[in-house]
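Every value quoted in this text rests on a predicted model; they were computed, and no experiment measured them. Proteins get letters first, then strands, A, B, ... in listed order; numbering begins at 1 in each.
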Amino acid sequence: MDIRVLADPFDFGAEAQGFAARQSASGAVVTFTGIVRDTDAGLLAMEIEHYPGMTESQLTGFAEQARKRWALEDVLVIHRHGRMEPGDMIMMVATAARHRKDAFDAAEFLMDFLKSRAPFWKREITRDGASDWVQSKDDDEDALSRW
Amino acid sequence: MDIRVLADPFDFGAEAQGFAARQSASGAVVTFTGIVRDTDAGLLAMEIEHYPGMTESQLTGFAEQARKRWALEDVLVIHRHGRMEPGDMIMMVATAARHRKDAFDAAEFLMDFLKSRAPFWKREITRDGASDWVQSKDDDEDALSRW
Amino acid sequence: MDVLYFAWVRERIGLPKERVETNAATVAELVEELRAREERYAMAFEDLSALRVALDQELSDFDAPLDGVREVAFFPPMTGG
Amino acid sequence: MDVLYFAWVRERIGLPKERVETNAATVAELVEELRAREERYAMAFEDLSALRVALDQELSDFDAPLDGVREVAFFPPMTGG
């Protein structure tokens, strides 16, 4: 299990490859990565604030819950904070399991909790100089109810 | 859309990174990779036979169906045939979408169809010299019914 | 038409592909003709529930007509991914 | 106890963290005390349904007791991932 909260960019390809290469007992590896997407308003940057200490403990807790619910061999969570630009990778999760369903379900579970229960707050800065906190979505809150 | 059927190894990390880096309009990228797993009997190698021509057209068809059902920005499918050893990567799919649910669902859909409807046949060769065709699983057939 | 065999069907019959001249109207009739040929064919087609068929590279059924079909393939359930 | 503010709560109040001496028995009572201080606090705590609270870095509720708690944090709904 590998949980990292960091300000610097991470190398998604190298992390995905390294994670998959470690899984000799697993047949299935799922990864998710979230990318800063350009918006209609023209996004200049995204800034992510977080709650040091609580962030790490929440992410670790989600990963532990996932390992209890599914037969996972390994879990990786990386999440950046600070300033990012369109195209930059915000975060990734990776799950490894013998069976693909476990790897998929656990990755979706981690993402749903990460969206609404990990203490990160996004702010979008547009090219016209406006700066707004991203609103949480009802959809994201609703997504938790299935677990 | 990128569909490849090949005998040679592929670089999962580089493919995943390259795919994600191309998705400036997508916020969400999901990858799945299947790895040759060592078995209790001691696996020496896995050999995958396929039906050239039909394989490519089936995989392309699955990707097109996925693009009709979900709001996808891009789809990648790579599948090897020939001889592989434990730890080798057999195949990968990657999906890109604005919303993570679309990327996850489409990746699971592609995997379910790839398992039971793409013309590949696996044979396992164990260290004691035995060689057996892998049996299809009822679970995999059942998984199709949800789509 | 060309008839292709994959995986253990290929192994039982002993060849990957052959040219077959037939007047069979359906896949099932073609299977009957092949079964009648030799023991190795009879063994390969012993249990049709364990077999799948593709016509011109599209998955099909054993009661499908062969009219206009150029390539028939027989194989066990697929195990990709 | 230490009281922490994040995102627009931090911006409205104008600081990320402060030491607060209080006899409040619950989070809701602490919020009442803070609201009464100054306009910027009143604005930050205007709509509790738009706020979340963590006690010692665990998500909690506004009616939770503060007994033994060393760190309270107020923030809007989270937007990770």
Distance-only donor-acceptor screen, chain A against chain B, under 3.5 angstrom:
from	atom 1	to	atom 2	distance (Å)
G13(A)	N	Q17(B)	OE1	2.9
Q17(A)	OE1	G13(B)	N	2.9
G27(A)	O	I35(B)	N	2.8
V29(A)	N	T33(B)	O	3.0
V29(A)	O	T33(B)	N	2.8
T31(A)	N	T31(B)	O	2.9
T31(A)	O	T31(B)	N	2.9
T31(A)	OG1	T31(B)	OG1	2.4
T33(A)	N	V29(B)	O	2.8
T33(A)	O	V29(B)	N	3.0
I35(A)	N	G27(B)	O	2.8
R37(A)	NH1	R98(B)	O	2.9
R98(A)	O	R37(B)	NH1	2.9
R100(A)	NE	D112(B)	OD1	3.3
R100(A)	NH1	D140(B)	OD1	2.9
R100(A)	NH2	D112(B)	OD1	2.7
R100(A)	NH2	D140(B)	OD1	3.4
D112(A)	OD1	R100(B)	NE	3.3
D112(A)	OD1	R100(B)	NH2	2.7
D140(A)	OD1	R100(B)	NH1	2.9
D140(A)	OD1	R100(B)	NH2	3.4

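Counting heavy-atom pairs under 4.5 Å between each of A20(A), A103(A), P86(A), A14(A) and chain B puts A20(A) at the top. For the options G18(A), A16(A), A96(A), heavy-atom pairs under 4.5 Å to chain B are most numerous at A16(A).
Proximity to chain A is absent for every atom of M92(B), based on heavy atoms less than 4.5 angstrom apart. For A25(B), the part lying under 4.5 angstrom from a heavy atom of chain A is the backbone only.
Among pairs with a residue in residues 3-37 of chain B, those fulfilling ring-ring contact (aromatic ring centres under 6.0 Å, His included) read F104(A)-F32(B), at least two apart in sequence or across chains.
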